[in-house]
J.: 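Before anything else, here's the structure in question.
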Amino acid sequence: MDLGLEGKKVLITGGGSGIGLETAQLLNQEGANVILLDKNADKVDSSTFTTPQNVVSYQCDVTRPEDLQDIHQKLVMQDKKADILIHCAGITGAQGDFSDISLEQWHDVFDVNLFGAINTTKEFLPDFESNGWGRIIFIASEDGQQPYSDEIPYCCTKAGVLALSKGLSRTLGKKNVLVNTVSPAFINTPMTDRMMEKRAGQLGVSFDEAIQSFLKDKRPYMTSQRRGEAAEVANVIAFLCSDKASFVNGAEYRVDAGSVATI
């Protein structure tokens, strides 16, 4: 499908792995110029892209506004002002009983998942406003709508991302800058790999058995009975980047196999 993204400049945080990398590869295949920001940007393999000459990566910590400002200045000097921002950077953060999670651990996950999104948007928003066209897509989570008792900090950050997106959409939509969220559930990424490795160790079972027990015990409404693939999330993100989604603003797209139980 031609999404009309030829030549668009797409900035992706957390673009070095998982959903961010898969989205970058898909959009590059659609003709977009991709700018990857990641703490491990040096590990990005450009050979996995259709047109690697249209891909650049920068080492960046989204919790540091000065990192974002420095990269932004470099892009402006290279006439690479962003048209599209996709914020994928995120961490699971501390898990367990509420009473056992320290305030420092709360701050850590908020700094990346919520304030990372705020920092990045504040830095690059002037590009979209001056262009008179833009797309901002935040990666939230099913957890933002359906909190779980053993990962409350993460759930709170993702609920905050949903509110941030909806709030921004009210004003930015009038400027032809559309803001939406995509909320995945249990996707096959390095993040959930680590979760399942930890679970396997705790339960004394294999990695695959840990996945199946997690689906049964923790995600009973996922009709697929499997982890989703990053490509399945990337397809939805790509649609929201395009003019085919020109009447979509302030929306949340769940890519969760039915995991969220409510309407």
Side-chain angles (χ1 to χ4, degrees), residues 14 16-23 87-114 116-117 137-166 180-237 251-263:
S17 64
I19 292 169
L21 180 60
E22 190 74 35
T23 302
H87 185 74
C88 296
I91 61 173
T92 305
Q95 295 178 298
D97 187 85
F98 173 81
S99 300
D100 296 331
I101 299 174
S102 69
L103 284 176
E104 182 180 6
Q105 290 171 317
W106 272 86
H107 282 288
D108 286 345
V109 69
F110 265 79
D111 282 346
V112 177
N113 292 1
L114 183 55
I137 297 148
F138 297 109
I139 304 307
S141 169
E142 58 152 343
D143 295 46
Q145 291 272 7
Q146 183 166 270
Y148 295 95
S149 60
D150 57 349
E151 48 188 14
I152 295 176
Y154 179 82
C155 297
C156 289
T157 64
K158 293 306 184 178
V161 168
L162 290 173
L164 172 66
S165 178
K166 190 66 174 179
N180 295 287
T181 56
V182 174
S183 293
F186 200 39
I187 305 299
N188 183 359
T189 65
M191 179 186 286
T192 61
D193 279 349
R194 291 189 291 270
M195 289 171 57
M196 292 303 101
E197 287 164 0
K198 181 179 179 181
R199 183 178 179 85
Q202 290 172 336
L203 298 179
V205 298
S206 71
F207 183 83
D208 289 341
E209 288 171 330
I211 290 174
Q212 290 307 310
S213 70
F214 181 83
L215 286 165
K216 180 180 178 181
D217 298 341
K218 302 292 188 180
R219 300 296 186 271
Y221 299 110
M222 287 185 70
T223 55
S224 63
Q225 288 300 293
R226 64 172 174 84
R227 283 197 293 180
E229 296 300 327
E232 293 174 302
V233 184
N235 288 333
V236 177
I237 297 171
E252 180 199 11
Y253 276 60
R254 297 176 187 166
V255 188
D256 68 357
S259 186
V260 175
T262 60
I263 59 173

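Start at 1 with the first residue, then count along the sequence.
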J.: Between Val236 and Glu232, which heavy-atom pair has the shortest distance, and what is it?
T.: CG2-O, 3.8 Å

J.: So, for Leu215 and Met222, which heavy atoms are closest and what is the spacing to 0.1 Å?
T.: CD2-SD, 3.9 Å

J.: What's the spacing between Glu229 CD and Thr189 OG1 if we round to 0.5 Å?
T.: 10.0 Å

J.: Looking only at heavy atoms, what is the nearest atom pair of Gly90 and Val112, with distance?
T.: CA-CG1, 3.8 Å

J.: Working to the nearest 0.5 Å, report the span between CD of Glu142 and CD1 of Ile187.
T.: 9.0 Å

J.: Between CG of Asp193 and NZ of Lys198, what distance do you get to the nearest 0.5 Å?
T.: 15.0 Å

J.: I need the Asp97 CG to Ile152 CD1 distance, nearest 0.5 Å.
T.: 8.0 Å

J.: Quick one: which of Val109, Asn113, Leu114 gives a side chain to side chain contact (heavy atoms under 4.5 Å, CB included) with Lys158?
T.: Asn113

J.: For a quick test of reading the model, state the closest non-hydrogen atom pair linking Ser259 to Gln146 and the distance between them.
T.: O-NE2, 2.9 Å

J.: Given Phe186, which partner from the list Lys218, Arg226, Met196 fulfils the side chain to side chain contact (heavy atoms under 4.5 Å, CB included) test?
T.: Met196

J.: Under the 6.0 Å and 45° cation-pi test, does Arg219 pair with Tyr148?
T.: yes

J.: Between Ser183 and Val260, is there a side-chain heavy-atom distance shorter than 4.5 Å?
T.: no

J.: So Trp106 and Phe98, would you call those rings parallel, tilted or perpendicular, with 30° and 60° as cut-offs?
T.: perpendicular

J.: Is the count of non-hydrogen atoms from other residues, nucleotides or ligands lying under 6.0 Å from Phe110 atom CZ greater than 12?
T.: yes

J.: Would you call Ile237 and Ile139 a side-chain contact if the rule is heavy atoms closer than 4.5 Å?
T.: yes

J.: Restricting to non-hydrogen atoms, name the atom on Cys88 and the atom on Gly20 that form the minimum distance, rounded to 0.1 Å.
T.: SG-CA, 3.7 Å

J.: To the nearest 0.5 Å, how far apart are CG in Asp143 and CG in Leu162?
T.: 10.5 Å

J.: Rounded to the nearest 0.5 Å, how far does CZ of Phe214 lie from CG of Leu203?
T.: 11.5 Å

J.: Closest heavy-atom contact between Asn188 and Arg227?
T.: OD1-NH2, 3.1 Å

J.: Where the side chain of Asp150 meets the backbone of Gln95, is there a donor-acceptor pair that is under 3.5 Å apart?
T.: no

